[in-house]
2 protein chains.
Amino acid sequence: MTAPAIIDRPQRRDAAENREIILSAAAAVLSINPDASVDDIAAAASLSRRAVYGHFSGRDAIVEQTLTRGASRIATSVASVEHEDALVELALLGATLWAEVNHARALANFALRGPHRRQVAAALAPLRSRLEETIARGVRDNDIRSDIAPKTLARLIEGGALAVLDEATRARMSLQRGHRLVILSALSTAGMSWRGAEKLIDTHPILHVSMGAK
Amino acid sequence: MTAPAIIDRPQRRDAAENREIILSAAAAVLSINPDASVDDIAAAASLSRRAVYGHFSGRDAIVEQTLTRGASRIATSVASVEHEDALVELALLGATLWAEVNHARALANFALRGPHRRQVAAALAPLRSRLEETIARGVRDNDIRSDIAPKTLARLIEGGALAVLDEATRARMSLQRGHRLVILSALSTAGMSWRGAEKLIDTHPILHVSMGAK
DNA sequence: TATAACTTGCACATTGCTGTGCAAGTTATA
DNA sequence: TATAACTTGCACAGCAATGTGCAAGTTATA
C-alpha cells in the first residue's frame, strides 16, 4: 500500500450550489411566512432537513444570511441610483425595490417583529438614509410635499411601497405593471397628483420597463 | 342539617370583567406580536396563565374572539360613515380606522399569515367592499384617479393606512397628528396632490379633530 | 476509478409552548 | 358569614421544532 496520506479535497461544486439554493429557497419561503421551519426551507430547496444543517449552524444562521444577503443586494442597487430631479430619483428608488421584490419582502417581514428587528433595521439603514436624503432635497426644490416631516414621509413611502409589493405578489401582477405601480405609489405619497405622476413617468424613459442598471 | 341543596350561583361580576381584560390585553399584545403566547397575554392582563384557561378553551379561541371583536367594532364604525363627496367619505373611512388603531393593527397582523387568514378576510369584507364602493364612485365623479383599478387601489389605500398606523404607533404620534396623517395618506394614494389634500381637510370641519361619531 | 465530499434517513435529547387536573387559597355575594 | 365562584401555583402529558450523531448510501473529481 502507498502512504495513507490524508488528502484534503476542496469543497465540491454542487455543495456550493446547494448552499445558494437553500438561501434562495429561504428568501422565497420566509417572504411568505417568516415563521417557516427549517423543514419548510429544506423542502423548498429539495433537500433533506439534515443536509441543511450541513451548510448552516442552525435556523438563525439561515435567517441571518438571508437578511444580510437581501439587504446588501438592495444596498448595492440603491447606491447606483442618482438623478438631478429628486422626484425621478425617488421613482428610481421605488423601481429598485421592485427589482428585488422577494428580498425586499423577506426583509420587511422581519423588520418589525422578532429578535432580528435590530439587525434588519441596521441593514436597511443605507436605503432609509438615502430615501430621507432624496426627500429632503425634493422638499428644498419644492418638488415634494412639505406638510409631513421628511423622516415620517420616508417611512410612509417605504410602507406604501411594501404594500404595493404585497398586492403585486398576491395578484400575480406582470413585471411592467408592478414596476409602474411602485413608482406611482411613491410619487403619490410624495405629494404629486396622479396625473402629474403619470406624466412624469411618461416623460422620463429611464422610468420605463427595463430600468437603469442590470 | 338542612337539605344539601345544590345551588347554582350566577357568574361573578369580576369574572366577566376579567374576561374583558383578557381580550383587551390580547388585542394590545397581539397587535405588537401576533405570535404572543398565552403566558404573554395572561401577564398583560395581570392574571395567571391558568386563569386564562378558565375563560377560554385555548389560545385559538382567544385569537378568534379578539379578531371577531375588532372586526365588528370597525364594521360598526364604518357603517355609519357617509358623505356626498367620495373623497370626504374616503377620508372619513381613514379617520374611522384611526379611531380603532389597536384593533385595526391586531387584525392587520393576522390578515396575511397564519391559519386565521380566511376568517380575518371575511371579517374585513364589509370595510373592503365599502372602500371599493366609495372609490368607484369617486372615479365616476372624476374625483379619484382612474389609472389604477378600483380593487387594486382599495388595497393600496388600505396598505398605506396601515403603514401610517404602524408609524404613528412607533413614533408615539399625537392623536390629532395621526388622525390627519391617515387622511392625508388615503387622499394622496387616491390621486390628490398634497396641497389639494390639505385644502380638502381644511375646508371640511367634519375631517378635523373629533370626527363624526363618538 | 478510488476516494473524499456530500446527502439521506433514522434515532435521540432538548426546548418551549399548549392544555388539563388538582389542592389550597382568596373574594364576591346570596 | 357561609358558600360557591374564582384565582393561583404546581405538576404533568403532549406536541412540534431544533439541533446532533451515526451508518449507509450517492456523486463529483483528483
> Measure from the side-chain heavy atoms of B:V38 and tell me the nearest of D:dT8, D:dC22, C:dG19.
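The answer is C:dG19.
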> Scan B:V78, B:L107, B:L67 and name whichever one has a side-chain contact (heavy atoms from CB on, under 4.5 Å) with B:L124.
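Checked B:V78, B:L107, B:L67 against B:L124; only one passes side-chain contact (heavy atoms from CB on, under 4.5 Å): B:L107.
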> Does a donor on one side chain and an acceptor on the other come within less than 3.5 Å for B:T169 and B:D166?
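No.
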> What nucleotide, of D:dT8, D:dA30, D:dA4, holds the atom closest to the side chain of B:L47?
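Minimum distance to the B:L47 side chain belongs to D:dT8.
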> Using heavy atoms to find the nearest nucleotide of DNA chain C for B:P10 and A:A51 separately, return the residue whose nucleotide is more 5′.
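The 5'-side residue here is A:A51.
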> State the pairing partner of C:dT1; accept Watson-Crick or G-U wobble contacts with both distances under 3.5 Å, and report none otherwise.
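When the pairing criteria are applied, D:dA30 turns out to be the nucleotide that pairs with C:dT1.
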> Inspect the contact between B:E20 and B:R69 and indicate whether a charged nitrogen and a carboxylate oxygen are less than 4.0 angstrom apart.
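Between B:E20 and B:R69 there is a salt bridge, with a charged N closer than 4.0 Å to a carboxylate O.
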> Check whether any side-chain nitrogen or oxygen of A:R13 sits under 4.0 Å from OP1 or OP2 of D:dT29, and answer yes or no.
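For D:dT29, OP1 or OP2 has a side-chain N or O of A:R13 closer than 4.0 Å.
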> At less than 3.5 Å, do the side-chain atoms of A:R49 and the base atoms of C:dG9 form a donor-acceptor pair?
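No such pair is found, so the answer is no.
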> How close or far is atom P of D:dA17 from atom CG of B:D35, stated in whole angstroms?
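About 13 Å, once rounded to whole Å.
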> Any strand is fair game: report the nucleotide pairing with D:dG14 by Watson-Crick or G-U wobble, both distances under 3.5 Å, or none.
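Per the H-bond distance test, C:dC17.
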> Can you check the B:Q11 CD to D:dC6 C1' distance for me, whole Å?
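It works out to 10 Å between those atoms.
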> Using a strict cut-off of less than 4.0 Å between a Lys/Arg side-chain nitrogen and an Asp/Glu carboxylate oxygen, indicate whether A:E167 and A:R172 qualify as a salt bridge.
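Result for this pair is no, no salt bridge flagged.
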> Looking at D:dG9, D:dC6, D:dG21, which one has an atom nearest to any side-chain atom of A:R50?
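Of the options given, the side chain of A:R50 lies nearest D:dG21.
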> Give a yes or no on whether a salt bridge exists between B:R105 and B:E100, defined as a side-chain N under 4.0 angstrom from a carboxylate O.
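Between B:E100 and B:R105 there is no salt bridge, as every charged N stays at least 4.0 Å from the carboxylate O atoms.
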> Regarding B:R145 and A:S188, is there a side-chain donor-to-acceptor distance under 3.5 Å anywhere?
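There is such a pair between these side chains.
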> Does a side-chain N or O from A:H55 land closer than 4.0 Å to OP1 or OP2 of C:dC6, or not?
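No, A:H55 has no side-chain N/O under 4.0 Å of OP1/OP2 on C:dC6.
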> Between C:dT8, D:dT3, C:dC17, spot the one nearest the side chain of A:S48, thanks.
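Of the options given, the side chain of A:S48 lies nearest C:dT8.
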> Between C:dT15 atom C1' and A:R59 atom CZ, what is the distance in whole Å?
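For the pair A:R59 CZ and C:dT15 C1', the rounded distance is 15 Å.
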> According to the Watson-Crick and G-U wobble definitions, with both distances under 3.5 Å, which nucleotide is paired to C:dC12?
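In the structure as shown, C:dC12 has D:dG19 as its Watson-Crick or wobble partner.
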> Expressed as a whole number of angstroms, how long is the span from B:D39:CG to D:dT7:P?
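Going from CG in B:D39 over to P in D:dT7 covers 16 Å.
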> Calculate the interatomic distance between B:D40 atom CG and C:dT18 atom C1'; express it in whole Å.
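That distance rounds to 13 Å.
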> Quick check on C:dT7: is either OP1 or OP2 less than 4.0 Å from any side-chain nitrogen or oxygen of A:N18?
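Checking A:N18 against C:dT7: at least one side-chain N or O falls below 4.0 Å of OP1 or OP2.
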> Using Watson-Crick or G-U wobble geometry with both distances below 3.5 Å, tell me the partner of D:dC6, or none.
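For D:dC6, the partner nucleotide comes out as C:dG25, under the 3.5 Å rule.
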> Just the rounded figure in Å: distance from P of D:dT7 to CD1 of B:I22.
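Atom-to-atom, B:I22 to D:dT7, this comes out as 7 Å.
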> Rounded to whole angstroms, how far apart are CZ on A:R19 and P on C:dC6?
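Taking atom P of C:dC6 as the reference, CZ of A:R19 is at 12 Å.
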> I'd like to know if A:R12 reaches the base of C:dA5 with its side chain, counting only an N/O donor and acceptor under 3.5 Å.
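Donor-acceptor pair under 3.5 Å: yes.
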> Return the value, rounded to whole Å, for the distance between atom OH of A:Y53 and atom P of C:dA5.
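It works out to 24 Å between those atoms.
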